[in-house]
Amino acid sequence: MMAGVVAILLILASVSAPLIAPSNPLDLASFNLADSEIPPVWAEGGDKRFLLGTDNQGRDMLSAILYGARVSILIGGGAVLLAALIGVCLGLLAGYLGGRTDAVIMRIGDIILSFPTILLALLVAGMARAVFPEAGNPRYVPFVLISAIAIHDWVQYARTVRAAAMVEGAKDYVKAARVIGLPPLRIMFRHILPNVMSPVLVIATINLAGAVLTEATLSFLGVGMPPTYPSLGTLIRIGNEFVFSGIWWIALFPALALVILVLAVNVIGDWLRDRFNPKLRVRQ
Amino acid sequence: MTVAPALEIKGLRVEYPREDGSVLVAVDDVSLSIAPGEIHAVVGESGAGKTTVANALIGLIEKPGRVTGGTMRIGGALLDPVTGRGDGVQLGRDIGVIFQDPMTSLNPLFTIESQLTETMRFHLGLGRMEARARALELLNAVGIPEPERRLTSFPHQLSGGQRQRVVIAAALSCNPKLLVADEPTTALDVSIQAQILDLIRNLARERGLGVMLVTHNMGVVAETAQSVTVMLRGRAVEQGPVAEVLGSPQHVYTRGLLAAVPRFDCRLARFAVVSDAGDGKAGAARRTIAARKPAALSDRSGPLLSVEGLTVDYRSRGWLPGSRGHGMRAVDDVSFSIARGEVLGLVGESGCGKTTVASVIAGLVKPTAGRVLYDGQPIAGKGASRLTRASSRQALQMIFQDPYASLNPRMRVGTILAEPVLFYRLAANKAEALDDAGLLLEAVGLERAQAERFPFAFSGGQRQRISIARALGARPRLLICDEPTSSLDVSVQAQLLNLIKDLSEATGLTLLLISHDLAVVRQMCDRVAVMQKGRIVEMNDSESLFSAPSHAYTHELLSLVPRIDRIAANT
């Protein structure tokens, strides 16, 4: 319950960031270098205008975190949706058709899984920049990041859906649909898909946390969102440079926001998993 | 002094508290007594509480259910209902248990020897060698060939009948006074069923063992038991010697139950059922459906469907692409034909290939050789094209065995029924298709309003009715029924078979009925084909086949069916 409330509050706060944030961190003209590196209000030298202090550019940390969380959730959610879409479709095809289709799809998945997530995402993001010079533009970076993360994550959906589709496909109601004469695509999406969706929902929530983290890692490594359009990961990277000079707040607060966000989403994922597991549900 | 009965139950009551605070009484005031050497059958339909009585005896009542009244005595010793133990009575030592499914009641990871000796070493404190010797003796007693070799086998290396023998051997290992057999032969073929029942009869006689036989098969009761308790909704409605209860039943329910059992000796127009759904509304709906034009048919005469030299091999895939794995011939050179309006029965034991034949006709499996002709056109095998297959699809519909798997759990019944109607453009739009779904529901004896519900809200018999309605929605010519009633109670089975008969007569349907139940086939079919190991060994019209079987296998099958009219030969 707590996790749900926290997650909803965080998501609401980030979505409505333009309304509640004290300043606009994207508007370079709105902040002043003279305000840079001001500690949080309660620390010595704090300023009432900047609740959580400012970064090296004089940007209000609270506003930056709210906007940053928005970017992180957008990319995480987008990556999960794209991965689920690809994974569910390929998993259904592999599980229902079987044979060669199955072998080809699953071997591609195995190859992809043998790359570490971050390495693969780095490759994709780097290649995107090499191929399309425009890919570095803040407007396109989110899409590059979403595809970079989804290209690795779809395999998990495909495997789960494939296994479930194989079980469902052998059941009599699917045979009945085949006897009626329905075409394979219609059987897959109308009959089998609704019966394999519950594990997908669960994986999606758990993966959302993972995708947010991957995005933060990529941004931390410098291939993610640029400092002018920061995500939580970008903010942590900026802060990282100042940690050893005693300016701890630039790194700490975005990191805390990230931890709370991921934790909340993970707990919701666990709850959903229990919820959709009939064995555990009966016991309650 | 008289010998204490092997089992004496007095006034047993088992309750399951519901969430809202009320209680469900699963077993209410049941008393029965079994003398040593006596086989006492407990019969009733699913939900009657017969398995609950057995579970109460062995302390297996699932929580939150509990025994709230009555006493149980094993050989005179009082039993604690919670633990299944009593003064000098121990579960596993004094009560042996046989479960329904021999495929799952042995642990697949242990050898037969370790499963047999475990109980003996635990309860009797026997040493390894002693236990082994006794295990051998037991395997001999239950008639397992080559017991020395079988001791080292794993369960998967044994057939279903052999596994059930091992389960019985394990149950007997500590010389129990009472054997509880919960549907011990339901999952087995008739020939194996006959052997197992024989074994139980002999063991009871030789060892003075009291047997409580839980079953729903009246034929099994008639041939095996000496006394019987008929249960209805948790109560024992009738009790007494088998000859009396089955010969001249006193209670209305017992009479209904006996009448619903498909008769083996003669063919009746309809099964006797207590209440038939064929009232005015259903009749009107059936007439509307019958008046429609079914899938197009040529004017050609000749059989509606013919199967020529059909052969199907199942091949497990090899380790490498292109390599060939082990082959298994499921169907071997099968030929038959079905005339228009005829009811053909296909019978045989499990694994004889009858379902594979149906799957080929329905287009679910591709044949290895041979072909299937529908209305003169090849639809499977040589000469079949996409076009000929597509044209026959609508005309060939199928009803499946398991009512719990044959309806999509995530779709409303109305949508399930409207789907084939819409797909074949038999209705102009969705509203009309849903209206048609309502009509189909009425025709199978359900309510129009039930179209809004999901499949889980229906009982097994009702689901099977929905399955039939779905098949009728495509307006077929030929209906393939694959064991349509084998998972249903006899009274529900009687209603469903009547329904299939009514519908096929009203709409002029041709039927292919697949069953392992010879009595059902006798009641339903004009012609019967008997299959054994993938081949048809005998095919004849139903009356001649049942009165004068020509093939040895048919003869054997017929003689093994448990029948009500053969009341306990051993009394």
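All chains are named by letter (A, B, ...) in the order of the sequence lines, taking the proteins before the strands, and each is independently numbered beginning at 1.
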A.B. asks: Could you tell me which non-hydrogen atom of A:Pro183 sits nearest to which non-hydrogen atom of B:Phe423, and how far apart they are?
C.D. replies: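 Where A:Pro183 meets B:Phe423 most closely, the heavy atoms are CD-CE1, 3.5 Å.
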
A.B. asks: Between B:Arg393 and A:Ile180, is there a donor-acceptor pair closer than 3.5 Å when you use the side chain of the first and the backbone of the second?
C.D. replies: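 Checked: no pair found.
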
A.B. asks: At a 4.5 Å cut-off on heavy atoms, which part of B:Leu364 comes close to chain A: side chain, backbone, both, or neither?
C.D. replies: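 Looking at B:Leu364, backbone and side chain both touch chain A.
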
A.B. asks: Using side-chain contact (heavy atoms from CB on, under 4.5 Å), reason through A:Arg190 and B:Glu419 one step at a time and then give a plain yes or no.
C.D. replies: CA-CA 11 Å; A:Arg190 222 178 121 70; B:Glu419 189 166 42; 2.9 Å; yes

A.B. asks: Side-chain contact test, heavy atoms from C-beta onward, threshold under 4.5 Å: evaluate it for B:Ile416 versus A:Tyr173 and give yes or no.
C.D. replies: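 No, side chains not in contact.
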
A.B. asks: Could you check which of B:Ala362, B:Pro409, B:Gly363 has the highest count of heavy-atom pairs closer than 4.5 Å to chain A?
C.D. replies: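 Between B:Ala362, B:Pro409, B:Gly363, the count favours B:Pro409.
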
A.B. asks: Counting C-beta onward and ignoring hydrogens, is there a side-chain heavy-atom pair between B:Met411 and A:His191 closer than 4.5 Å?
C.D. replies: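 B:Met411 vs A:His191: side chains touch.
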
A.B. asks: Looking at CG of A:Asp172 and OH of B:Tyr404, how far apart are the two atoms once the value is rounded to the nearest 0.5 Å?
C.D. replies: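 The distance works out to 13.5 Å.
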
A.B. asks: Within this structure, what is the OG-NZ distance for the pair B:Ser406 and A:Lys171, rounded to the nearest 0.5 Å?
C.D. replies: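 Between atom OG of B:Ser406 and atom NZ of A:Lys171 there are 11.5 Å.
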
A.B. asks: Would you say the side chain of A:Val179 lies within less than 4.5 Å of the side chain of B:Leu396, judging by non-hydrogen atoms?
C.D. replies: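 No, too far: nothing below the 4.5 Å cut-off.
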
A.B. asks: Please determine whether the number of non-hydrogen atoms from other residues, nucleotides or ligands lying under 6.0 Å from atom CZ of A:Phe143 exceeds 12.
C.D. replies: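 No, CZ of A:Phe143 has 12 or fewer neighbouring heavy atoms, counting only those of other groups under 6.0 Å.
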
A.B. asks: To the nearest 0.5 Å, what is the distance between CD (A:Glu168) and CZ (B:Arg410)?
C.D. replies: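 A:Glu168 CD to B:Arg410 CZ: 8.5 Å, rounded to 0.5 Å.
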
